[in-house]
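The structure appears below as structure tokens.
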Number of protein chains: 2
Amino acid sequence: MNKPAMPGGAVTAVSARRPAIIVAPKSLTQQISDHIRSEIIHDNIKPGEWIREKALTEQFGISRTPLREALQILATQRLIEIIPNRGAVVVALSDDEIRHLLEVYVRLDVFAAELACEKATPLDDETIRRHLATMAEAYHAGDRYTYFDANQAFHLAIAAASHNPVLIEMHAQLNLRLYRTRYLGVLQAENWAKAFNEHEPIAEAFLNRNASELARLVSEHLGFAWRMVSSDEVANAAATPVDLARTA
Amino acid sequence: MNKPAMPGGAVTAVSARRPAIIVAPKSLTQQISDHIRSEIIHDNIKPGEWIREKALTEQFGISRTPLREALQILATQRLIEIIPNRGAVVVALSDDEIRHLLEVYVRLDVFAAELACEKATPLDDETIRRHLATMAEAYHAGDRYTYFDANQAFHLAIAAASHNPVLIEMHAQLNLRLYRTRYLGVLQAENWAKAFNEHEPIAEAFLNRNASELARLVSEHLGFAWRMVSSDEVANAAATPVDLARTA
DNA sequence: CGATTTCATGTTGTCGACAATACGCAAGGC
DNA sequence: GCCTTGCGTATTGTCGACAACATGAAATCG
């Protein structure tokens with residue numbers, strides 16, 4: 001195959017590649033970008049941090065070509081910023097940028113909810129019910145991580161119920177850019193109870209196909225999300241503040 | 001610098017690169033992706049057509065590395081699709097996909113229009129007035145190309161007046177994916193008059209900051225755009241139909 | 001004759017090496 | 001003292017070469 005990939009966990013490359021007509025093999029570039037994306041949104045690589053190609057190639061046991069292709073993907077998704085001849089930095093969101101992102105995210109979420117009221121199938125209903133149940137369990141067990149995952153799944157499921165692939169993708173894209181902020185927000189928020197209790201009526205409005213009520217609730221709910229993240233700047237702290245002025 | 005880049009027009013590389021603290025130099029990858037994107041949306045490279053790396057590297061006089069990075073960008077923007085070990089094809093939109101794209105595009109356009117009513121500056125007003133004037137001139141002169149450009153600029157200007165960078169970018173992204181379809185649509189539409197005459201009231205509603213009226217008009221206007229493209233399948237014809245089933 | 005296998009060819013995937021650029025630090029000039 | 005200049009080093013940008021894979025045609029077998 002390629003290098004032994006001995007250091008660290010890494011991507012484990014592709015172990016046994018069978019012809020298997022059905023499943024398309026994932027390209028190395030895709031695997032790498034997925035992995036780095038995950039590291040970024042889970043705050044293992046901090047905003048403002050420089051991404052050194054050499055370090056990553058050694059970590060993954062690959063060459064710089066697929067890595068650089070992966071970086072182009074992440075830059076297009078606005079998770080990193082590539083500065084010509086200087087390298088790539090993890091994007092650090094300002095309060096204003098978070099506000100702008102949420103502003104659009106809310107509208108897409110509302111639109112998805114409205115569409116979902118028209119298009120959702122019984123299977124969608126069941127999925128959403130299941131995620132709500134998981135959230136409740138995790139909430140009562142005090143398990144914030146599981147809660148967060150279920151919460152994410154809940155909102156993505158509503159988007160999925162719109163059955164509009166374009167909307168689903170746009171929604172997911174914004175969700176990714178906001179993921180880290182919400183992740184850090186949820187894990188330390190005081191009024192978890194309030195946030196949680198808003199999901200019950202949302203789910204109810206959806207299951208009753210009450211589009212206008214659903215839109216109202218979702219707007220309100222995410223307005224709350226904004227208040228949550230905007231009040232702690234911890235979520236925005238950059239590990240290594242970078243001066244980008246010269247490249248503007 | 002690098003290769004003579006002798007064949008064809010090509011990218012002309014970077015002619016004179018000065019240190020120039022103010023302006024960031026555009027990377028080769030960026031230049032190439034911009035160029036190919038332009039070729040795709042202007043229908044010079046047809047949907048369904050395979051993108052051969054060798055051909056393009058020779059055309060541009062560059063190596064495959066920056067080209068492949070450019071392709072990753074275009075794939076992330078959903079203008080091409082990269083199929084592992086097989087290559088890249090220009091995306092061919094089905095009628096359903098166009099409908100889904102327009103459905104989201106309309107919502108973003110409406111949202112932008114509403115926001116613009118709150119946030120627009122006198123400068124925005126002037127820009128929009130100017131584009132409207134250009135459209136009128138081109139319309140009366142029967143110049144469909146200039147008209148199309150001004151029409152694009154008009155809609156982008158409304159988005160820009162929202163002063164929300166995230167919204168502007170999302171709007172632009174969808175606009176790109178729909179560009180070719182609308183481009184081909186406008187150039188052969190019969191009821192050009194109707195489409196044109198709708199812009200006057202839109203501009204008026206905007207300049208009067210009448211958000212709800214503006215939203216209504218924009219929705220209606222783009223509903224018209226949908227009827228325009230949906231009725232000719234010419235816009236969707238693939239040069240070389242490709243069977244992607246095996247890679248699903 | 002039809003289905004399968006083998007192989008030749010073209011294309012993509014990955015790599016290591018070299019070139020170009022930016023950065024930090026020391027030396028020099030005002 | 002402070003700004004400028006000139007290097008050495010680290011990092012990114014680009015390239016050509018080779019490896020892996022897919023495709024289609026010829027050859028083989030039933």
Side-chain angles (χ1 to χ4, degrees), chain A residues 1-5 10-11 13-21 23-33 49-75 80-89 240 242-247, chain B residues 1-5 10-11 13-14 16-21 23-33 49-58 60-75 80-89 240 242-247:
Chain A
M1 202 152 301
N2 46 23
K3 285 285 193 66
V11 167
V14 180
S15 52
R17 185 178 294 180
R18 325 205 105 270
I21 308 175
V23 63
K26 262 189 231 121
S27 70
L28 240 193
T29 298
Q30 207 62 48
Q31 293 179 49
I32 301 286
S33 71
E49 200 172 301
W50 286 97
I51 293 180
R52 306 254 165 251
E53 295 180 2
K54 188 157 183 290
L56 290 179
T57 55
E58 286 170 0
Q59 179 183 344
F60 297 140
I62 58 168
S63 82
R64 285 172 54 213
T65 307
L67 172 64
R68 285 176 58 86
E69 288 176 6
L71 293 183
Q72 293 293 344
I73 292 175
L74 296 174
I80 67 175
E81 183 173 357
I82 294 179
I83 299 159
N85 287 317
R86 301 229 293 146
V89 289
T240 313
V242 179
D243 179 17
L244 298 178
R246 73 208 313 281
T247 65
Chain B
M1 203 148 302
N2 47 22
K3 283 287 192 64
V11 167
V14 179
R17 184 179 296 181
R18 325 205 106 269
I21 308 176
V23 62
K26 258 188 237 127
S27 70
L28 240 193
T29 298
Q30 206 62 47
Q31 293 180 49
I32 301 285
S33 70
E49 200 171 304
W50 286 97
I51 293 180
R52 306 251 168 253
E53 296 180 1
K54 188 158 183 291
L56 290 179
T57 56
E58 285 170 1
F60 297 141
I62 57 167
S63 81
R64 286 172 56 215
T65 307
L67 171 64
R68 285 176 57 86
E69 288 176 6
L71 293 183
Q72 294 293 343
I73 292 175
L74 297 173
I80 67 175
E81 182 173 358
I82 294 178
I83 299 159
N85 287 318
R86 300 228 295 146
V89 290
T240 313
V242 179
D243 178 17
L244 298 179
R246 74 206 315 281
T247 64

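The sequence lines fix the lettering, A, B, ..., with proteins before strands; numbering per chain opens at 1. Heavy atoms only: backbone and side chains are in, while hydrogens, waters and symmetry mates are out.
Atom CD1 in B:Ile32 sits roughly 15 Å away from atom P in D:dG13 (whole-Å rounding). Rounding to whole angstrom units, CD of residue A:Gln31 and P of C:dG13 are separated by 13 Å. In this structure, A:Ile82 atom CD1 and C:dT21 atom P are separated by 18 Å, rounded to whole Å. Taking atom CD1 of residue B:Ile83 and atom P of nucleotide D:dC21, one finds them 17 Å apart after rounding to whole Å. Regarding A:Trp50, its CH2 atom lies at a distance of 18 Å from the P atom of D:dA10, rounded to whole Å.
A:Ala88 and A:Ile80 make their closest contact through CB-CD1, 4.0 Å (heavy atoms, listed as atom of the first residue, atom of the second, distance). The shortest heavy-atom contact between B:Ile32 and B:Ala70 is CG2-CB, 3.8 Å. Residues A:Ile82 and A:Leu71 approach most closely at CD1-O, 3.8 Å, considering heavy atoms.
Under the salt bridge (charged side-chain N to carboxylate O under 4.0 Å, His left out) criterion, B:Arg52 pairs with no residue, sequence neighbours left out. When the side chain to side chain donor-acceptor pair (under 3.5 Å) test is applied to A:Ser33, no partner is found at least two apart in sequence or on another chain.
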For nucleotides 6-11 of chain C, give me every protein contact, N/O to N/O, under 3.5 Å, one pair per line with atom names.
none

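For the pair B:Ile83/B:Trp50, a side-chain contact is recorded, criterion being any heavy-atom separation below 4.5 Å from C-beta on.
Without hydrogens or angle criteria, B:Glu53 side chain to B:Arg68 main chain gives no donor-acceptor distance under 3.5 Å. With A:Glu49 contributing its side chain and A:Val89 its backbone, the two residues share no donor-acceptor pair below 3.5 Å.
Atoms CD and CZ, on B:Glu58 and B:Arg64 in that order, are 11.5 Å from each other to the nearest 0.5 Å. Note that the CD atom of A:Glu81 and the CD1 atom of A:Ile51 stand 11.5 Å from one another [nearest 0.5 Å]. Remark: A:Glu69 CD to B:Thr29 OG1 distance equals 9.5 Å, nearest 0.5 Å.
Fit an axis to the five pairs at each end of the helix from C:dC1-D:dG30 to C:dC30-D:dG1 and the two axes sit 10° apart, to the nearest 10 degrees.
Residues from residues 64-75 of chain B with heavy atoms under 4.0 angstrom of DNA chain C, sorted by number: B:Arg64, B:Arg68.
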